[in-house]
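To start, the structure itself, in structure tokens.
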Amino acid sequence: MTSIPFVDLKAQYLSIKSEIDAAIQNVLDTSNFIMGENVKKFEQEFAAWSGAPFAIGCSSCTTAIHLALLGCKIEPGDEVITVSHTFIATAEAICHCGATPVFVDVDPETYNISPEQIEAAITPRTKAIIPVHLYGQCADMEPILELAEKHGLRVIEDCAQAHGAEYQGRRAGTMGDFGCFSFFPGKNLGAYGDAGAVITKNESDARLLRLLVNHGRESKYEHEIIGYNYRMDALQAAILRVKLRRLDSWIAARRRIARRYGELLKGLPIQTPIERHKHVYHLYVIQCDDREGAAAALKKQGIATGVHYPLPLHLQPCFKGMKGSTSGNFPVTENLARRVLSLPIFPELTESQQDYIATVLRNYFK
Ligand SMILES: *Cc1c(COP(=O)(O)O)cnc(C)c1O
């Protein structure tokens, strides 16, 4: 039977095997495993690629967001506005500062934070907004930045799914005070383990984050502030440097595949993605009435799917009892949680695999 995975990390590795193997061997040969040349070079190369003056490598996007929040001086008692329709890490990092995540609903077409809902959620305790560029498309940043300016709030972009996405000609991560990226293996730029980065245009913010990421120090034995061990691993940096050179072509492939899905799925009773700004399709998310039925039909024919996300953050057990954490509060988010289905998308997905997925869906809806 045909079998199509949700992502195919092995296929990508095989396509760049000799370069990756050489990069890993080089780290082993020098045995420089912590910080060092590869991390420094990756930071420079990723900053240049993202269009930001500074990049700080770190251990994940969860730690990237935590670092960015610390850079914004978020403290216990503060409130940070974000969405419930996202991965838990966005809100976890807020809690790591002792602050409270305040959720707002999303736009029913782009699935991103609804700027109209933000103002009503602002209180005297609000310090920052974290828009998430979900699935690979930027949130509507212009009104968000205007609100932030008006109310004196910092803006942290969660770019975990949006490497290379654009908004009015500006790159994801360069519009707010900080942009936070994930290099989790399945992300558009994936390491072979956990890794992340923060980008910023502000030199003193960059310096503070550099201290925080590595035990509050610049020199080996002097600790200026209390920091963390949130460093990027040198092996991951070496791997990411090889992969960064391919990222533009991988993004182009994702966009090609998404366009082709749009054509192949035309006329079916599903909602395909609506592209308002340059989308990098980390996920290809459709909506349909009987999501479980469609997923089961695909699975029966060997096709893996995902759901991003079936349980909104405000309904997660960990937020039970928190203000706003009851069902019915965010109708768009709750409706999406019941209807979204992510189809396989990765740069190596072939046209015949895609044809097969579309045929199975067409038969299911017949
Ligand atoms: C993956 C993801 C994260 C967390 O990234 P890690 O590198 O796994 O910590 C945060 N936010 C969003 C939207 C994500 O998709």
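Indexing begins at 1, ligand by ligand and atom by atom, following the structure's order.
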(request) Ignoring hydrogens, just give me the one of Ala89, Ala191, Ala195, Pro185 whose non-hydrogen atom is nearest atom 4 (C) of ligand 1. (result) Ala89
(request) Go through Glu334 and His85 one step at a time and tell me if the side-chain hydrogen bond (donor to acceptor under 3.5 Å, both in side chains) criterion holds. (result) CA-CA 8 Å; Glu334 289 170 31; His85 186 56; over 6 Å; no
(request) List the closest protein heavy-atom neighbour of atom 1 (C) of ligand 1: residue, atom name, distance to the nearest 0.1 Å. (result) Lys187 NZ, 1.5 Å
(message) Centre-to-centre under 6.0 Å for His308 and Phe87, is that the case here?
(response) no
(request) Decide side-chain hydrogen bond (donor to acceptor under 3.5 Å, both in side chains) for Thr90 and Asp158; before the verdict, give the C-alpha distance in whole Å, the side-chain angles of both, and the deciding distance to 0.1 Å. (result) CA-CA 7 Å; Thr90 319; Asp158 181 340; 2.9 Å; yes
(request) Among all protein heavy atoms, pick out the one at the shortest distance from atom 12 (C) of ligand 1; state its residue, atom name and that distance to 0.1 Å. (result) Ala160 CB, 3.4 Å
(message) Counting non-hydrogen protein atoms only, what is the nearest one to atom 11 (N) of ligand 1? Give residue, atom name and distance.
(response) Asp158 OD2, 2.8 Å
(message) Quick check: Cys61 and ligand 1, any N/O pair under 3.5 Å apart?
(response) yes
(message) Whether the Glu92 and Thr62 side chains hold a donor-acceptor pair (N or O, under 3.5 Å, no angle test) is what I'd like checked.
(response) no
(request) Check whether any N or O atom of Asp194, backbone or side chain, sits under 3.5 Å from an N or O atom of ligand 1, and answer yes or no. (result) no
(message) According to ring pair (Phe, Tyr, Trp, His ring centres under 6.0 Å), does anything in residues 337-366 pair up with another residue at least two apart or in another chain? List the pairs.
(response) none
(request) Determine whether the side chains of Asp105 and Thr333 contain a donor N or O and an acceptor N or O closer than 3.5 Å. (result) yes
(request) Distance to 0.1 Å, residue and atom name: give those for the protein heavy atom nearest to atom 7 (O) of ligand 1. (result) Ser182 OG, 2.6 Å
(request) Could you list which atoms of ligand 1 come closer than 4.0 Å to a heavy atom of Thr90? (result) 11 (N)
(request) Consider every N or O of Gln161 and every N or O of ligand 1, then say whether any pair is closer than 3.5 Å. (result) yes
(message) Side chains of Tyr167 and Glu157 only: does a donor on one sit below 3.5 Å from an acceptor on the other?
(response) no
(request) Check each atom of ligand 1 against the heavy atoms of Thr86 and keep those under 4.0 Å away; list them by number with element. (result) 13 (C)
(message) Within the 4.0 Å heavy-atom shell around Val132, which atoms of ligand 1 are there?
(response) 13 (C)
(message) For a quick check under 3.5 Å, do Asn188 and Tyr281 share a side-chain donor-acceptor pair by atom type?
(response) no
(message) Looking only at protein heavy atoms, which one is nearest to atom 9 (O) of ligand 1, and what is the separation?
(response) Thr62 OG1, 2.5 Å
